[in-house]
Structures are given as structure tokens and as C-alpha cells.
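One structure below.
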Amino acid sequence: MKVRVSLVLMIKILSVSKIYQGNVIALSDIELEIPQGEFIFIKGPSGSGKTTLLKILFGLEKPTTGEVIVDGVKIIQSKIKNIYKFRRKIGFISPEFKLLKDRSVIDNLRFTLEVLGFPSHEIKVRVMEILRRIGLEKKAKESVISLSNGEQQLVSVARAVIKDPRIILADEPTSLLDDNMKEKVMGIFSELNYNGTTIIFATQNESLVQKYSYPAISLLNGKITNIEFYNKGNIQI
């Protein structure tokens with residue numbers, strides 16, 4: 001029998017604001033606590049602050065004010081070597097994909113596991129399994145630059161989930177996919193979440209949020225404007 005327990009506080013955001021040059025306010029006084037094992041949507045229009053929030057959680061951006069604690073690590077106070085160690089536990093999916101475009105699909109996935117020290121036999125098994133699940137087995141040896149944008153997005157998703165991260169930060173990970181592939185990706189995310197992975201999924205797609213009925217936090221002009229609970233949720237604001 002599988003039992004899910006969400007008691008450990010995974011993410012804590014305390015009075016976080018982010019102001020860019022020119023006094024552009026991306027985030028304003030965000031307060032948020034997310035326990036381990038939650039799946040939440042961060043929804044809002046373009047420019048609402050979703051991407052900035054995910055980048056701060058991953059350590060790619062520093063908040064102008066406030067404090068962020070992710071899996072026990074104070075992001076703003078971490079030395080760079082600790083940030084890289086910390087990021088190994090996180091799958092980050094960016095709209096820019098950030099793939100090794102001069103390498104094949106299979107090489108992109110292998111590389112992720114090689115740098116983490118996975119044994120070669122396990123790398124082979126994991127890579128072939130995720131390729132099967134995203135439907136790109138026949139394009140495993142093709143250069144990623146030859147793929148369509150939707151296929152590159154699938155590789156980006158696969159690269160993030162292949163290492164079984166404790167946290168997935170996904171920024172519009174299904175925006176370029178057809179309905180069939182969206183279902184496959186959401187199935188992968190849901191399975192990971194069932195097994196304890198915390199997932200934060202940023203999207204503008206309101207119909208997707210309503211279909212999957214996970215808690216949803218609304219952002220507008222850098223502020224939390226609403227939180228909706230559907231099937232479950234232990235989020236605090």
C-alpha cells in the first residue's frame with residue numbers, strides 16, 4: 001500500500017519582492033509555504049511574475065528583499081558551490097529549453113545523469129524508459145536542433161524528470177504540445193507527485209488548471225491575488 005504524507009515544509013517564501021532596473025516590480029511581498037509532496041499551479045497572464053518566482057526558487061535570480069528557503073537551503077545566503085549541489089535535487093523546465101543543441105536527444109538525457117554520477121547501466125534504462133514515455137524513441141539519435149519546438153519541449157521535460165528530483169519547477173512545460181502529449185506529460189508529473197515529488201507548475205492555461213484540479217495560486221502584477229483549492233492542498237499564504 002502506498003501512503004502519501006505531506007508534513008515536511010519543502011518551500012518557504014518570506015516577504016519576497018523582486019524589482020528590476022527601472023523600478024519594474026516583478027514580485028511584491030510574496031508570502032508562501034508549500035509542504036513536501038504538493039502539486040500546485042501558479043497561474044496568471046504573461047508578466048504576472050510566474051517566471052521570476054520560479055527563477056528565484058531555483059537560485060537563478062536573487063530577490064530584492066525577503067528570504068527563500070527550499071528543502072532546508074536558504075537560497076540567498078548559499079555559496080555558489082552549494083547552489084549547484086542544491087540544484088541537483090531540482091528539475092527545472094524553462095521555456096527556452098536550454099538543451100545541448102549540437103548533441104542528440106539521447107546525449108542530452110545521458111549527460112544529465114552522467115554529471116550526477118549515475119552508473120552506466122542505470123543511465124541506459126532510465127533514458128530508454130523516458131524516451132518511450134514521451135514517444136521519441138525513433139528520434140533518440142537525432143540532433144535536438146532538428147526537432148520541432150514541441151519535440152524540444154518534450155526533451156526539456158524528460159531531462160528534468162529523468163533524475164527523479166525532489167522538486168520540479170515547470171515554466172509553461174506543455175505550451176507547445178498537442179492534447180495527446182499534454183496528457184502524457186501530465187501523467188508523468190502526476191505519477192512523480194504521487195511518489196512524493198513537489199511540483200510547481202506555472203501556466204497561463206486556465207483550462208489545464210481546471211481539468212487537473214490541483215491547488216492553484218493566482219498571480220497578477222507580481223502579487224498573489226487568489227488561491228483555489230480543489231481536491232487537496234496544504235498551502236499557506
Side-chain angles (χ1 to χ4, degrees), residues 37-43 46 50-51 53-55 57-60 70 87-116 118 122-205 207-209 211-212 214 216:
E38 290 295 331
F39 188 135
I40 68 166
F41 287 111
I42 304 291
K43 65 177 185 173
S46 178
K50 304 185 303 297
T51 295
L53 181 59
L54 293 192
K55 285 183 174 180
L57 292 177
F58 195 53
L60 291 175
V70 179
R87 286 177 183 168
R88 292 184 176 188
K89 300 181 288 186
I90 298 179
F92 184 75
I93 303 168
S94 165
E96 293 84 25
F97 308 144
K98 305 294 186 183
L99 301 172
L100 303 173
K101 293 192 176 181
D102 60 335
R103 306 285 290 275
S104 69
V105 171
I106 200 168
D107 284 345
N108 269 266
L109 300 178
R110 281 176 179 163
F111 181 76
T112 299
L113 299 177
E114 286 169 352
V115 297
L116 295 176
F118 280 78
E122 186 173 351
I123 290 175
K124 183 177 180 180
V125 171
R126 283 177 178 255
V127 168
M128 296 315 296
E129 171 62 15
I130 195 65
L131 284 172
R132 181 191 64 77
R133 295 191 69 178
I134 65 173
L136 290 181
E137 309 103 304
K138 294 181 180 179
K139 297 193 176 184
K141 296 183 179 180
E142 293 187 18
S143 169
V144 293
I145 201 169
S146 70
L147 303 180
S148 69
N149 286 337
E151 289 169 336
Q152 288 187 43
Q153 187 166 54
L154 285 176
V155 177
S156 179
V157 169
R159 186 183 57 182
V161 306
I162 196 172
K163 59 184 178 179
D164 288 336
R166 285 172 57 80
I167 303 170
I168 290 177
L169 304 175
D171 192 356
E172 299 283 3
T174 61
S175 60
L176 301 175
L177 305 182
D178 61 28
D179 289 342
N180 180 53
M181 289 315 305
K182 282 180 184 177
E183 290 283 347
K184 287 187 177 181
V185 169
M186 292 304 296
I188 292 170
F189 284 170
S190 295
E191 181 179 328
L192 285 168
N193 176 245
Y194 184 85
N195 289 316
T197 301
T198 302
I199 296 177
I200 301 179
F201 187 123
T203 184
Q204 300 181 54
N205 190 333
S207 62
L208 187 73
V209 174
K211 179 176 181 178
Y212 288 96
Y214 290 109

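Note that the structure is a prediction, hence the values are computed from the model and not measured.
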I'd like to check D107 versus L100 (side-chain heavy atoms, cut-off strictly below 4.5 Å). Are they in contact? no

Do the non-hydrogen side-chain atoms of I123 and E114 ever get within less than 4.5 Å of each other?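 They are in contact (side-chain heavy atoms under 4.5 Å apart), so the answer is yes.
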
Answer yes when R126 and E129 have at least one side-chain N-carboxylate O distance shorter than 4.0 Å, and no when they do not.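 No, no charged N to carboxylate O under 4.0 Å.
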
Before accepting this row, confirm whether a basic side-chain N of the pair R103/E142 lies closer than 4.0 Å to the acidic partner's carboxylate O. no

Are the side chain of [X] and the backbone N or O of [Y] linked by a donor-acceptor pair below 3.5 Å?
| X | Y | answer |
| --- | --- | --- |
| Q204 | S175 | no |
| R87 | F58 | yes |
| E183 | N180 | no |
| E172 | P95 | no |

Quick check: closest heavy atoms across [X] and [Y], and the distance to 0.1 Å?
| X | Y | value |
| --- | --- | --- |
| V209 | A216 | CG1-CB, 3.7 Å |
| K163 | I90 | NZ-O, 2.9 Å |
| L57 | V70 | O-CG2, 3.8 Å |
| P173 | I93 | CB-CG2, 4.0 Å |
| S104 | K141 | CB-O, 3.6 Å |
| K89 | P165 | O-CB, 3.4 Å |

Residues in side-chain contact (heavy atoms from CB on, under 4.5 Å) with I145, at least two apart?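 Applying side-chain contact (heavy atoms from CB on, under 4.5 Å) to I145 gives K101, S143.
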
Test of understanding: with side-chain contact (heavy atoms from CB on, under 4.5 Å), list the residues that count as partners of S94, not counting sequence neighbours. F92, E96, K98

Using distance alone, with no hydrogens and no angle criterion, decide if N205 and T203 have a side-chain donor and acceptor under 3.5 Å apart.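 No.
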
Candidate list V185, I168, T197, T112, test side-chain contact (heavy atoms from CB on, under 4.5 Å), partner V161, passing option: I168

Do you know which of I134, N193, V157 makes side-chain contact (heavy atoms from CB on, under 4.5 Å) with I188?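 Looking at I134, N193, V157, the match for I188 under the side-chain contact (heavy atoms from CB on, under 4.5 Å) is I134.
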
Give every residue pair that meets the ring pair (Phe, Tyr, Trp, His ring centres under 6.0 Å) criterion with at least one member in residues 123-159, sequence neighbours excluded. none

The test is side-chain hydrogen bond (donor to acceptor under 3.5 Å, both in side chains); show your working for S190 and Y214 and say whether it passes. CA-CA 10 Å; S190 295; Y214 290 109; 3.1 Å; yes

Answer yes or no: are there more than 12 heavy-atom neighbours, outside F118 itself, under 6.0 Å from its atom CZ?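 Above 12, so yes.
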
Can you classify the ring geometry of F201 versus F39 as parallel (below 30°), tilted (30 to 60°) or perpendicular (above 60°)?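 Ring orientation of F201 relative to F39: parallel.
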
